[in-house]
Amino acid sequence: MAFLAWLSGSPVGEWVSGSTWAYPGLLFVHTLGLGVLVGLNAAVGLRLLGFAPNVPVADMEPLFQYMWAGFWVNAVSGSVLFIADAPKKAVNPSFIVKLVLIALAVWVMRALKRHAFPQSGTSNGVVSRGARLLAAVSLVLWGGAITAGRLMAYTAALK
């Protein structure tokens, strides 16, 4: 806990928590990154589940680079937001659930790219059962992570 208190009292923590615009600005950037990451992930996942059948599956593969960009925007902005109130956020059960769901969702996102988009691309447009399952799991995990993140404002610290 001493490290977390030090982190919040650091110049970055003081800047984020003491500035009128830093916290809301970072939250805005975090939301934009989330929109890119989860929005594109949802587009790919829904396509793999059979929506928009006229869109070739192989055309969805380039979206992964933008998903990763959104992820890194979120990782950096989320880390700075965490620093602002580290002692409280670190023990918030919703925050812990959010991090676990994000870790699982990122693992699934990597597995989805490997299974749904082999090196040569999806030539025949047929989506495997495994890719469909990963797509569904991905949608659930990202939805859960967003929900847990939103619930952080309403849940208390672990005792």
Side-chain angles (χ1 to χ4, degrees), residues 4 7 12 16 21-86 88-156 158:
L4 296 174
L7 202 55
V12 172
V16 173
W21 296 106
Y23 194 90
L26 283 164
L27 202 54
F28 175 73
V29 169
H30 197 66
T31 303
L32 286 178
L34 184 68
V36 171
L37 169 60
V38 179
L40 293 176
N41 197 284
V44 170
L46 290 171
R47 173 58 194 98
L48 293 173
L49 289 171
F51 292 87
N54 294 332
V55 175
V57 172
D59 288 354
M60 305 298 278
E61 185 175 12
L63 297 179
F64 279 88
Q65 66 186 342
Y66 299 106
M67 284 186 242
W68 282 110
F71 170 78
W72 287 111
V73 165
N74 267 23
V76 171
S77 61
S79 296
V80 178
L81 289 167
F82 172 79
I83 289 170
D85 200 13
K88 287 183 183 173
K89 288 182 178 157
V91 295
N92 186 319
S94 293
F95 180 72
I96 295 163
V97 168
K98 174 185 171 179
L99 291 184
V100 169
L101 291 172
I102 290 169
L104 291 170
V106 168
W107 182 84
V108 168
M109 188 170 77
R110 292 186 63 181
L112 186 61
K113 183 164 187 326
R114 280 193 315 273
H115 287 79
F117 304 96
Q119 285 113 4
S120 63
T122 307
S123 57
N124 59 7
V126 175
V127 179
S128 71
R129 184 175 178 205
R132 287 193 310 271
L133 178 62
L134 287 169
V137 169
S138 177
L139 292 170
V140 169
L141 290 172
W142 284 119
I146 291 169
T147 302
R150 188 63 200 114
L151 288 175
M152 285 172 52
Y154 306 104
T155 54
L158 294 171

A86: side-chain contact (heavy atoms from CB on, under 4.5 Å) partners, not counting sequence neighbours: L4, L7, S8, F82
Between L151 and S94, which heavy-atom pair has the shortest distance, and what is it? CB-OG, 3.7 Å
Which of I83, V80, D85 passes side-chain contact (heavy atoms from CB on, under 4.5 Å) with V16? It is V80
Return the minimal non-hydrogen interatomic distance between A90 and I96, and the atom names on each side. O-CD1, 3.7 Å
Does R132 use its side chain to pair, donor to acceptor, with the backbone of L48 at less than 3.5 Å? no
Sequence neighbours left out, what pairs pass ring pair (Phe, Tyr, Trp, His ring centres under 6.0 Å) with at least one residue falling in residues 35-60? none
Can you list, pair by pair, the side-chain donor-acceptor contacts under 3.5 Å of residues 27-35, counting residues two or more places apart and other chains?
{"unit_1": "H30", "atom_1": "ND1", "unit_2": "N74", "atom_2": "O", "d": "3.4"}
{"unit_1": "H30", "atom_1": "ND1", "unit_2": "S77", "atom_2": "OG", "d": "2.8"}
{"unit_1": "H30", "atom_1": "ND1", "unit_2": "G78", "atom_2": "N", "d": "3.4"}
{"unit_1": "T31", "atom_1": "OG1", "unit_2": "L27", "atom_2": "O", "d": "2.8"}

Test W68 against every option in Y66, W72, F71 by the ring pair (Phe, Tyr, Trp, His ring centres under 6.0 Å) rule and name the one that passes. F71
With side-chain contact (heavy atoms from CB on, under 4.5 Å) as the test, pick out the partner of V137 among L139, L134, L133. L133
Looking at CG of D59 and CG of N54, how far apart are the two atoms once the value is rounded to the nearest 0.5 Å? 12.0 Å
What do the steps show when you test F95 against T155 for side-chain contact (heavy atoms from CB on, under 4.5 Å), and what is the final call? CA-CA 9 Å; F95 180 72; T155 54; over 6 Å; no
With Y23, which residues qualify under ring-ring contact (aromatic ring centres under 6.0 Å, His included), at least two apart? none
By side-chain contact (heavy atoms from CB on, under 4.5 Å) - contacts of V140 (at least two apart): none
Intermediate values then yes/no, side-chain contact (heavy atoms from CB on, under 4.5 Å), V127 and V57: CA-CA 8 Å; V127 179; V57 172; 3.8 Å; yes
For V55, does its backbone N or O pair with a side-chain atom of R47 as donor and acceptor, under 3.5 Å? yes
Reported CG-to-CG distance for the pair L63 and L37, which is rounded to 0.5 angstrom: 12.0 Å
By the side-chain hydrogen bond (donor to acceptor under 3.5 Å, both in side chains) test, which pairs, at least two apart or in different chains, include something from residues 133-153? N41-S138, R150-Y154
Quiz: residues 97-117 side-chain donor-acceptor pairs under 3.5 angstrom, not counting sequence neighbours:
{"unit_1": "K113", "atom_1": "NZ", "unit_2": "E61", "atom_2": "OE2", "d": "3.0"}
{"unit_1": "H115", "atom_1": "ND1", "unit_2": "A111", "atom_2": "O", "d": "2.8"}

Between CG on residue L141 and CD1 on residue I146, distance to nearest 0.5 Å: 11.0 Å
My understanding is that only residues two or more places apart in sequence, or in another chain, count here; which of them pass side-chain contact (heavy atoms from CB on, under 4.5 Å) with A69? none
